[in-house]
Amino acid sequence: MEYNFKEIEKRWSQYWKDNKIYKVKEDSSKPKYYVLDMFPYPSGAGLHVGHPLGYIASDIYSRYKRLKGFNVLHPMGYDAYGLPAEQYAIQTGQHPAITTEQNIARYREQLDKIGFCYDWDREIRTCEPEYYKWTQWAFIKMFESYYCTSCNKARPISELIEKFATSGSAEISAACSEELNFTAAEWNNMSEKEQQEVLMNYRIAYLGNTMVNWCPKLGTVLANDEVSEGVSVRGGYPVEQKVMRQWCLRVSAYAQRLLEGLDNINWTESLKETQRNWIGRSEGAEMQFKVDNSDIEFTIFTTRADTVFGVTFMVLAPESEYVSKVVTAEQRAAVDAYLDSIKSRTERERMMDRSVTGVFTGSYAINPLSGKKIPIWISDYVLAGYGTGAIMAVPAHDSRDYAFAKHFNLPIIPLIEGCDVSEESFDAKEGIMINSCGNGLDLNGMTVKEAIAATKKFIEEKGIGRVKVNYRLRDAIFSRQRYWGEPFPVYYKDNMPYIIDEKELPLQLPEVDKFLPTETGEPPLGRAKNWKTVDGYPLELCTMPGFAGSSAYYLRYMDPHNNDALVSKESNEYWRNVDLYIGGTEHATGHLIYSRFWNKFLFDLGVICEDEPFKKLVNQGMIQGRSNFVYRIKDTNTFVSYNLKKDYDVTPIHVDVNIVNNDVLDIEAFKAWRPEFETAQFILEDGKYICGWAVEKMSKSMFNVVNPDDIVERYGADTLRFYEMFLGPLEQSKPWDTNGIDGVHRFLRKLWNLYFEGDNVAVADTEASKADLKSLHKLIKKVSWDIENFSYNTSVSAFMICVNELTSSKCRNRHILQPLTILLAPFAPHIAEELWHKMGNETSVCDAVWSEFNEEYLKEDSVTYAVSFNGKARFNIEVAAGTSREEVEKIALSHESSARWMEGKEPKKIIVVPNKIVNIVI
RNA sequence: GCGGAUGUGGCGUAAUUGGUAGCCGCGCCAGACUUAGGAUCUGGUGUCGAGAGACGUGUGGGUUCGAGUCCCGUCAUCCGCACCA
């Protein structure tokens, strides 16, 4: 009987839908397992063959876990807010909701063809009010919370208000934007507005004046992870630095917990490293430096407190608030000129050009330990956003300070015994200290490590500094000057933001006439009519960024239709957190940080019961495109085949990969492809036109996009699923190459034939042969191990071997084929379901029970040992299974060939490795 | 510059974790069948060599009876961060 995949796949996907086979409910009688895919942004281009790679892997895992008796939550939804739909709306006037709706429909159609086991009743879309109600709710909670640095969690802001009223700012320990000092009396005398301004300094969601990445072309600010090399990740438009009043999330307060949490989750080491890098913890010290002949004192941050005696100058960032305070009258003109030259350059230009620039302020600082007078300079190599925006420069032991000192002819004092600083600085943290004694501190003779500790202790005791931990992680900018996002549940009174009542949620996104900013430069929401509260106060005009809706979506799947809570306690305590999360690495420093932050915040509130959202994370590799080329002979319309092109002067031209098969060009299709190729001539090899190829990003302009629909149409979904897994290790990036797909398809047909004799199912209920049982159990063992370890590509091979063995033994046995069908079900659910029913089963194969392998069947009757002499394998011996070590040694030595290889010597040592080798050392 | 990963046939890859390197698939070669095709089946296929055999996991050392696997060095490619004090 023919393997008619089209008919089979159509029938069973309908059956799954009609019988709600993938519906999942909480069930306390079963252990839960939560498998999640990173939900897609539905773009206009639809899915290409790379997108389903991770989805197929998670689908296999979900189906496997279900067969193993777990209650598996495997949902899907859409990250529906985003820039492309809005950009499209600006160009065409088409409402982004409509575009998004259409794109989702297209995505759904494509996903359905592949046979995923999603419970679509739990689908969520971030742009729907029932969903974003909870995004807005979380924002309100963040606005109404501060981060307590002594209990290390978020607490209600009302606690702070109470403390301020009774004891001022003295007794609080809270993460803040800047240190404030006021008494209870001062607090109580403040106006409402002043109090609100103070509170803003502590809120977890706060309005702050911060340096932002402003993208004029997109008309909005961007997060650090949305900018790469000075241009926007989406669109590639230039980005500039600008101070703006923006909503921010105090992610930095969670830096330490985000860092520590990494130790308890099962992610790849490289991804954890990326996050550690991004968080960027560094331990050091802050130290105060007094400005000579002035009351001004400023603080610097250093990780090399030990080098304080080698400080020969100070450097301020150009944006530092101290710049204007320390510049002397004589130097003012020079400093202003320098600051102007910095401002005129974009971030990108500054990054490109690393030449040394700077200007002297005219002032001096006093080194608190050596007492020496040292000049204060300004340079853009010091960043305003890190540490305190000011540094002590130690040219002998920091390469950047060294370059600066050389350029401006500043002194260099070496502090480590034997180091040579005539050509370059000595940056290593090792060696014995010299030249480091003064003001009661003597570091000479200590190692660098000891000196750092001694200096830290000394400055704390003397009150000239303190131990300090700095993080690179900045607070997240949370406003976007755009339309297509969640509205903030915020109105303004007296220019201060207030929260609208929780009961009013969701605050729905209003209609606007155009999706452009207003004439006065306000965000598009400025065009919305009635964008005011009942009391006439104006609402916030910005919307939330893309990561807002994706930060807690995994929680919503647990209880997607709950209108009273983000997730009910019962649902959350049952599903807890994501056991397996599959997605790309591109979210390492964006979504995966924000989600962890958001989750920890909700955990602090007691809303959810787990501190980390994603227990295990697997990054699937990217599927690149495999482009094909034809070679046109210059100034002709003649194309020459790949291996003959060296004899001609040719221009390579991208050709649509869909009219090329195994690098052979379909000439008729090519002629029809473009009018100019209609009259094309060809120089063939062996009667074929062979195309060249290259691995490139999959994109329309390279004509290398492969649509999964086309593969499903031609080979079926089950072949596509198997083939995507067969392509190589899941985590590895690889080009899409259809050259091997026939082999996988052939295997499925071969498997199909196992069950049939002519047109009839020929499965017999007789006793299975030992050899067949062994084939089967070998497969069960291998596939179980492979699925648990995401080594799907080797599973496919194992299936092929098993089917080959069963084919040659003409196995038609139910005790073999029934379990085989169950093993097949996670990988190729359609064909498995068909065979399962053909064998007379009534219920879905999805509800079958995974077979456990039995070691008994895997035991060998005899074991082959390789006999080697001094490590060189020479011949094999076969002994009965269970033969003792000593016996094996004896048999090996008495073998007829042994004497020859021993060359008359006596064996010094005999090593017997179970099942493998007898090595005789002579 | 710092950090991470990867180097195995013509190609994608495998090697049960230190035990006969190259499973499985593609491609290629030979054969069978045939309604001649982008179908199916069988066998072969790391390199050198007629052969026995020798050589082979980027490269150079080392540990070991035995190394693709462990250690030290080196080269190449890819990815992340980057004037972070």
Side-chain angles (χ1 to χ4, degrees), chain A residues 228-229 268-278 280-282 284 300-304 307 315 317 350-351 354 356 379-383 385-394 397-401 403-404 427 470-473 585-586 588-589 621-622 661-664 666 688 714 723 726-729 731-735 737-744 746-747 749-750 753 781-782 785-786 789 791 793-802 804 807-808 864-876 907-922:
Chain A
S228 176
E229 298 187 358
T268 58
E269 212 35 56
S270 75
L271 187 60
K272 287 196 206 176
E273 261 321 293
T274 303
Q275 288 214 344
R276 287 192 191 109
N277 230 317
W278 190 260
R281 180 191 157 100
S282 75
I300 60 94
F301 175 75
T302 180
T303 53
R304 291 296 299 275
T307 59
V315 190
R350 270 171 76 169
M351 271 167 27
R354 297 247 171 127
V356 178
S379 174
D380 68 346
Y381 84 88
V382 175
L383 306 177
Y386 184 77
T388 59
I391 62 155
M392 60 179 215
V394 186
H397 303 291
D398 182 289
S399 52
R400 294 152 302 174
D401 298 345
F404 195 84
D427 290 14
N470 249 327
Y471 299 92
R472 204 188 74 101
L473 184 71
T585 3
E586 65 272 19
T589 54
M622 276 231 276
N661 194 273
N662 289 354
D663 293 334
V664 178
D666 180 338
K688 294 177 200 159
R714 198 158 139 197
Y723 187 60
F726 184 61
L727 224 39
E731 311 204 5
Q732 195 172 298
S733 286
K734 54 236 164 191
D737 180 354
T738 345
N739 283 345
I741 199 167
D742 291 312
V744 171
R746 205 171 292 145
F747 147 73
R749 279 210 307 269
K750 211 165 171 179
N753 287 331
K781 188 177 181 182
K782 174 77 178 141
W785 192 89
D786 280 349
N789 292 284
S791 173
N793 55 327
T794 59
S795 275
V796 183
S797 303
F799 269 110
M800 290 176 177
I801 293 167
C802 180
N804 280 340
T807 303
S808 49
T864 304
Y865 282 84
V867 181
S868 60
F869 292 86
N870 286 344
K872 288 229 188 277
R874 298 301 179 182
F875 56 86
N876 292 344
K908 277 188 207 148
K909 195 159 124 190
I910 303 177
I911 297 147
V912 178
V913 181
N915 295 330
K916 291 288 177 187
I917 285 171
V918 184
N919 190 22
I920 300 165
V921 185
I922 49 178

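Everything quoted here is computed from the prediction, not taken from an experiment. Note: hydrogens, waters and symmetry copies are ignored here, and every other heavy atom, side chains too, is used. Below, read A as the first sequence line, B as the second, and so on, with proteins coming before strands; counting in each chain starts at 1.
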Would you say A/R276 reaches B/rG4's phosphate, i.e. side-chain N/O to OP1/OP2 under 4.0 Å?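 A/R276 to B/rG4 OP1/OP2: no side-chain N or O under 4.0 Å.
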
Looking at A/N804, does any N or O in its side chain come under 4.0 Å of the phosphate oxygens OP1/OP2 on B/rG25?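 So the side-chain polar atoms of A/N804 do come within 4.0 Å of the phosphate oxygens OP1 or OP2 of B/rG25, strictly under.
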
For A/K734, enumerate each residue passing the salt bridge (charged side-chain N to carboxylate O under 4.0 Å, His left out) test, keeping only those at least two apart in sequence or located in another chain.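 Applying salt bridge (charged side-chain N to carboxylate O under 4.0 Å, His left out) to A/K734 gives none.
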
Pairwise [atom1] distance for [N] and [M], with rounding to whole Å:
N: B/rG12; M: B/rA5; atom1: P; result: 22 Å
N: B/rU69; M: B/rG1; atom1: P; result: 27 Å
N: B/rU45; M: B/rG25; atom1: C1'; result: 14 Å
N: B/rG66; M: B/rC75; atom1: P; result: 29 Å
N: B/rU20; M: B/rG56; atom1: C1'; result: 14 Å
N: B/rA82; M: B/rC72; atom1: P; result: 29 Å
N: B/rU17; M: B/rG68; atom1: P; result: 16 Å
N: B/rA21; M: B/rU16; atom1: C1'; result: 15 Å

Minimum-distance nucleotide to [X] side chain [options: [options]]:
X: A/Y386; options: B/rA85, B/rG4, B/rG19; answer: B/rA85
X: A/E273; options: B/rU17, B/rG3, B/rG19; answer: B/rG3
X: A/P729; options: B/rG19, B/rA85, B/rA14; answer: B/rA14
X: A/M800; options: B/rC41, B/rA15, B/rC24; answer: B/rC24
X: A/Y381; options: B/rC83, B/rA14, B/rG4; answer: B/rC83
X: A/V913; options: B/rG4, B/rC83, B/rG19; answer: B/rG19
X: A/W785; options: B/rU17, B/rA85, B/rA14; answer: B/rU17
X: A/F301; options: B/rA15, B/rA85, B/rG25; answer: B/rA85
X: A/R749; options: B/rG19, B/rC24, B/rU40; answer: B/rU40
X: A/T303; options: B/rG19, B/rA85, B/rU20; answer: B/rA85

Could you walk me through whether A/T807 and A/N753 pass the side chain to side chain contact (heavy atoms under 4.5 Å, CB included) test, one step at a time? CA-CA 8 Å; A/T807 303; A/N753 287 331; over 6 Å; no

For A/N470, report the nucleic acid contact type (base, sugar-phosphate, nothing); a contact means any heavy atom under 4.0 Å.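 Nothing, no heavy atom under 4.0 Å.
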
Contact class for A/I801 vs. all strands (heavy atom < 4.0 Å): base, sugar-phosphate, or nothing?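 A/I801: backbone/sugar contact only, no base atoms under 4.0 Å.
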
Specify the residue among A/D401 and A/K782 whose closest nucleotide of RNA chain B lies further upstream toward the 5′ end.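 It is A/K782, whose closest nucleotide lies nearer the 5' terminus.
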
Mapping A/V744 and A/D398 to their closest nucleotides on RNA chain B, which lands nearer the 5' end?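 First, find each residue's nearest nucleotide; the 5'-ward one identifies A/V744.
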
Tell me: CD of A/E731 to P of B/rG4, nearest whole Å?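 In whole Å, B/rG4 P and A/E731 CD are 17 Å from each other.
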
Expected rows: protein N/O vs nucleotides 78-81 of chain B N/O, under 3.5 Å:
{"residue": "B/rC81", "atom": "O3'", "partner": "A/R472", "partner atom": "NH1", "Å": "3.4"}

Taking N or O atoms only and anything under 3.5 Å, show me the protein contacts with nucleotides 10-12 of chain B, one pair per line.
{"residue": "B/rG12", "atom": "O2'", "partner": "A/L727", "partner atom": "O", "Å": "2.7"}

Could you tell me whether B/rU47 is syn or anti, where syn means a glycosidic angle within 90 degrees of zero?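 B/rU47: anti.
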
If the glycosidic angle sits within 90 degrees of zero it is syn, else anti. Tell me which applies to B/rG9.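 Syn conformation here, the glycosidic angle of B/rG9 being no more than 90° from 0.
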
Taking ring-ring contact (aromatic ring centres under 6.0 Å, His included) as the test, write out the residues that go with A/Y865, two or more places apart.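 In terms of ring-ring contact (aromatic ring centres under 6.0 Å, His included), with neighbours along the sequence ignored, A/Y865 is linked to no residue.
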
Could I get the full list of ring-ring contact (aromatic ring centres under 6.0 Å, His included) partners for A/F404, not counting sequence neighbours?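 Scan of A/F404 (ring-ring contact (aromatic ring centres under 6.0 Å, His included), adjacent residues dropped) gives A/F313, A/W377, A/Y381, A/F408.
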
Check against side chain to side chain contact (heavy atoms under 4.5 Å, CB included), A/I391 and A/D401: CA-CA 10 Å; A/I391 62 155; A/D401 298 345; 3.6 Å; yes

With under 30° as parallel and over 60° as perpendicular, where do the rings of A/F301 and A/Y386 fit, or are they tilted in between?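 It falls in the perpendicular class, over 60°.
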
Defining pairs by Watson-Crick or G-U wobble geometry with both distances under 3.5 Å, how would you list the stems of RNA chain B with at least three pairs each?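 Output for stems: B:1-7 with B:75-81, B:10-12 with B:24-26, B:27-32 with B:40-45, B:46-48 with B:53-55, B:58-62 with B:70-74.
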
